[in-house]
Amino acid sequence: TYLIEEDITILNTSGVETTFDVALGLASTSLAGEKDRYNRTRVAYFTGSGLEQEDDADDLEEDGLKAEAGFAWAGIMGNYFLLATVPVAKTSSLEATFEDDAFITSLHDQVKLSDQSSSELKYAHYFGPKANQALVDAENELFRALRYGFFDVLSKPLMKFLNFLEKYVKNYGVAII
């Protein structure tokens, strides 16, 4: 699969109450050609109100992008590939930028622990194609990264039907005919 699960355990042995800052980052150069106007690399994250995206490298470089806790996943994507981090507890905040020809996202969590206590943070990472079944099987609505453009309403049912036919004929070419 393209999904990697990560568990981070933090143990405070300092003798005093301490706040720990945990950051997980993703970085990628363009997922398509530099001048490709159709398949633009972008930073994306999914909230309860929908998919938020920023593909303007200049805006990301100047202002960056920030999102408070509550999003289901965040990452870097093109039309065909997705690099995403899923904070299972949805407590992370997001910062994104563009520098040195790379899109960069970082998820931040703060964990406050008393002496001799511990906490566990759970994340999942998806690195792979925007394949329907792989994204549906993943956590926290990663399938919402799938967008078919202007014909989205028509394309999704047609893709389900095409995949259904391919299961029986074992060939997409024959399924299309």
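To the nearest 0.5 angstrom, L165 atom CG is 10.5 Å from Y172 atom OH. For the atom pair S92 OG and Q110 CD, the distance stands at 11.0 Å (nearest 0.5 Å). With rounding to the nearest 0.5 Å, the separation of CG in N171 from CD1 in I176 is 8.5 Å. Taken to the nearest 0.5 Å, the CG atom of L65 stands 5.0 Å off from the OH atom of Y45. Distance check: K122 NZ to T9 OG1 gives 8.5 Å after rounding to the nearest 0.5 Å. One distance of note links CE of M77 with CZ of R42; it measures 4.0 Å at 0.5 Å rounding.
Residues V86 and A72 come closest through the heavy atom pair CG1-O, 3.6 Å. Closest approach of L162 and A175 over heavy atoms only: CD1-CB, 3.7 Å. Of all the heavy atoms in A124 and L3, the pair that sits closest is CB-CD1, 4.0 Å.
When atom types are taken as modelled, the side chain of W73 and the backbone of E141 share a donor-acceptor pair closer than 3.5 angstrom. Under the 3.5 Å distance criterion, the side-chain polar atoms of D56 are left unmatched by any main-chain donor or acceptor of L60. Of the possible donor and acceptor atoms, one in the side chain of N39 sits under 3.5 Å from a partner among the backbone N and O of N79. With T18 contributing its side chain and V16 its backbone, the two residues share a donor-acceptor pair below 3.5 Å.
Residue Q116 qualifies as enclosed at atom CD: its count of foreign heavy atoms under 6.0 Å is above 12.
Applying the salt bridge (charged side-chain N to carboxylate O under 4.0 Å, His left out) test to D55 and every residue at least two apart in sequence or in another chain returns R40. Here F98 pairs with F103 under the ring-ring contact (aromatic ring centres under 6.0 Å, His included) rule; sequence neighbours left out. For Y168, the ring-ring contact (aromatic ring centres under 6.0 Å, His included) partners are F164, not counting sequence neighbours.
Under the 4.5 angstrom side-chain criterion for Ile, Leu, Val, Met, Phe, Trp and Tyr, the cluster partners of V22 are I8, I10, F20, L24, V111, L113, L121, Y123.
Under the salt bridge (Lys or Arg N to Asp or Glu O under 4.0 Å) criterion, the residue pairs touching residues 11-28 are E17-K112, with sequence neighbours excluded. Annotation: salt bridge (Lys or Arg N to Asp or Glu O under 4.0 Å) contacts involving residues 154-167, sequence neighbours excluded, comprise D152-K156.
Proximity of L82 to Y2: side-chain heavy atoms (C-beta onward) are nowhere separated by under 4.5 Å. Put simply, the side chain of T97 does not reach to within 4.5 Å of the side chain of K66, judged on heavy atoms.
M159 and L142 fall within the same hydrophobic cluster, where Ile, Leu, Val, Met, Phe, Trp and Tyr residues are linked whenever their side-chain heavy atoms come under 4.5 Å apart, directly or through other members.
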